[in-house]
Amino acid sequence: MKIILLGAPGAGKGTQAAMLTEWFDIPQISTGDMLRTAVQEQSPMGIKAKEYMNSGELVPDAVVVGIVRERLQLDDCQQGFILDGFPRTQPQADALKLVLAELDKQLDSVVSLQVDTEALIERLTGRRTCADCGKGYHLKYEPPAQDGSCRSCGGRLTQREDDSEDTIRNRMQIYQQLTAPLENYYRSEGLLVVVDGMKEIPIVHQEIVSALQSH
Ligand code: AMP
């Protein structure tokens, strides 16, 4: 199964990609996660990417296309993969088409998760992560312990730098301008599957799985 997950920031791509990884036993390829690792490691690419990411801008196409091209060639992608957060622009989608053609692979489906803007902002502003074990929280929907620490390991919770309200609004605008048009592109390619991302996480998962199996 070779899938793209499309959706605005906060639509649940990361959460659903992680569940699909288990279900189909294929890797999740998250350009956001790979870039955050590069930033943490202070690699030359991470140093370049950091400013774009912290202000909610997109990292240049050539950089992300390079990461994805390398990643898709690894052995664990031979049976399939879930692209989470890539492509985000038409040039990225065009580059992906070329890379897949070079590798003699074809996409099966592009899942678009639909979530209202107000819900997206509420999800992102409340999002926290344990600095020690990586467990995800939401201040309202999955609150941490009473003292604000991680319920699993007692670690300190952190907020992503790009989850501040101004940066979130910038990310939403960029999504509308540059990424949302990809829906029409993939619809015209006969690949688009639209799923309501406002429902509970396990229900969204089930709906994605059945949509993929019947597509
Ligand atoms: P995400 O974790 O998918 O929300 O991505 C976090 C940030 O990483 C984005 O706001 C961008 O700055 C950068 N990023 C992730 N994926 C891409 C991509 N496909 N193209 C450009 N920038 C990206």
Side-chain angles (χ1 to χ4, degrees), residues 2-21 27-72 77 81-100 107 110-113 115 117 119-129 131 134-138 158-183 185-186 197:
K2 299 171 199 71
I3 316 165
I4 293 174
L5 281 185
L6 273 187
K13 297 186 299 295
T15 305
Q16 293 300 330
M19 294 169 89
L20 292 170
T21 282
Q28 169 184 5
I29 301 180
S30 158
T31 42
D33 284 349
M34 290 192 281
L35 289 166
R36 274 185 290 279
T37 303
V39 170
Q40 262 174 5
E41 290 172 347
Q42 299 190 312
S43 69
M45 185 181 69
I47 292 168
K48 251 196 267 168
K50 188 176 174 174
E51 275 190 34
Y52 293 100
M53 295 174 76
N54 285 352
S55 56
E57 300 289 324
L58 293 186
V59 172
D61 288 337
V63 175
V64 277
V65 168
I67 309 179
V68 172
R69 175 182 281 118
E70 270 185 31
R71 183 66 187 86
L72 286 176
C77 292
F81 48 80
I82 302 155
L83 284 169
D84 155 15
F86 180 93
R88 265 173 149 101
T89 63
Q90 187 63 48
Q92 290 181 18
D94 295 340
L96 176 64
K97 199 169 184 172
L98 288 179
V99 170
L100 291 176
L107 287 172
V110 176
V111 178
S112 171
L113 289 174
V115 175
T117 306
L120 292 170
I121 291 172
E122 195 191 26
R123 285 181 186 187
L124 291 171
T125 48
R127 182 158 78 169
R128 298 289 183 279
T129 309
K135 184 171 162 47
Y137 288 92
H138 188 280
T158 56
Q159 184 176 26
R160 260 173 61 168
E161 255 183 85
D162 60 351
D163 277 347
S164 66
E165 203 152 336
D166 279 353
T167 308
I168 288 171
R169 293 204 183 267
N170 194 24
R171 289 160 67 200
M172 296 293 178
Q173 248 179 7
I174 290 175
Y175 179 80
Q176 284 309 329
Q177 253 171 24
L178 297 175
T179 312
L182 294 181
E183 273 196 25
Y185 167 67
Y186 285 119

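One-based numbering, in listed order, for ligands and for the atoms of each.
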(message) Given 3.5 Å as the limit, does a donor-acceptor pair link the side chain of R88 with the main chain of L178, or not?
(response)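 A pair under 3.5 Å: no.
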(request) List the atom of L120, the atom of P9, and the distance in Å for their closest heavy-atom pair. (result) CD2-O, 3.3 Å
(request) Side-chain contact test, heavy atoms from C-beta onward, threshold under 4.5 Å: evaluate it for V99 versus V68 and give yes or no. (result) no
(message) The criterion is salt bridge (Lys or Arg N to Asp or Glu O under 4.0 Å); which residues satisfy it with D94, sequence neighbours excluded?
(response) none
(message) My understanding is that only residues two or more places apart in sequence, or in another chain, count here; which of them pass salt bridge (Lys or Arg N to Asp or Glu O under 4.0 Å) with R127?
(response)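 Partners of R127 under the salt bridge (Lys or Arg N to Asp or Glu O under 4.0 Å) test: D163.
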(request) Quick one: list whatever passes side-chain hydrogen bond (donor to acceptor under 3.5 Å, both in side chains) with R69, sequence neighbours left out. (result)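 With sequence neighbours excluded, R69 shows a side-chain hydrogen bond (donor to acceptor under 3.5 Å, both in side chains) to no residue whatsoever.
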Name each N or O atom in ligand 1 that is under 3.5 Å from a protein N or O, and give the partner atom and the distance.
from	atom 1	to	atom 2	distance (Å)
ligand 1	2 (O)	R36	NH1	2.9
ligand 1	2 (O)	R36	NH2	2.9
ligand 1	2 (O)	R160	NH1	3.4
ligand 1	2 (O)	R160	NH2	3.4
ligand 1	3 (O)	R88	NH1	3.1
ligand 1	3 (O)	R88	NH2	3.2
ligand 1	4 (O)	R88	NH2	3.4
ligand 1	4 (O)	R160	NH2	3.1
ligand 1	12 (O)	E57	O	2.6
ligand 1	16 (N)	T31	OG1	2.8
ligand 1	16 (N)	G85	O	3.4
ligand 1	16 (N)	R88	NH1	2.9
ligand 1	19 (N)	G85	O	2.9
ligand 1	19 (N)	Q92	OE1	3.0
ligand 1	20 (N)	Q92	NE2	2.9
ligand 1	22 (N)	V59	N	3.1

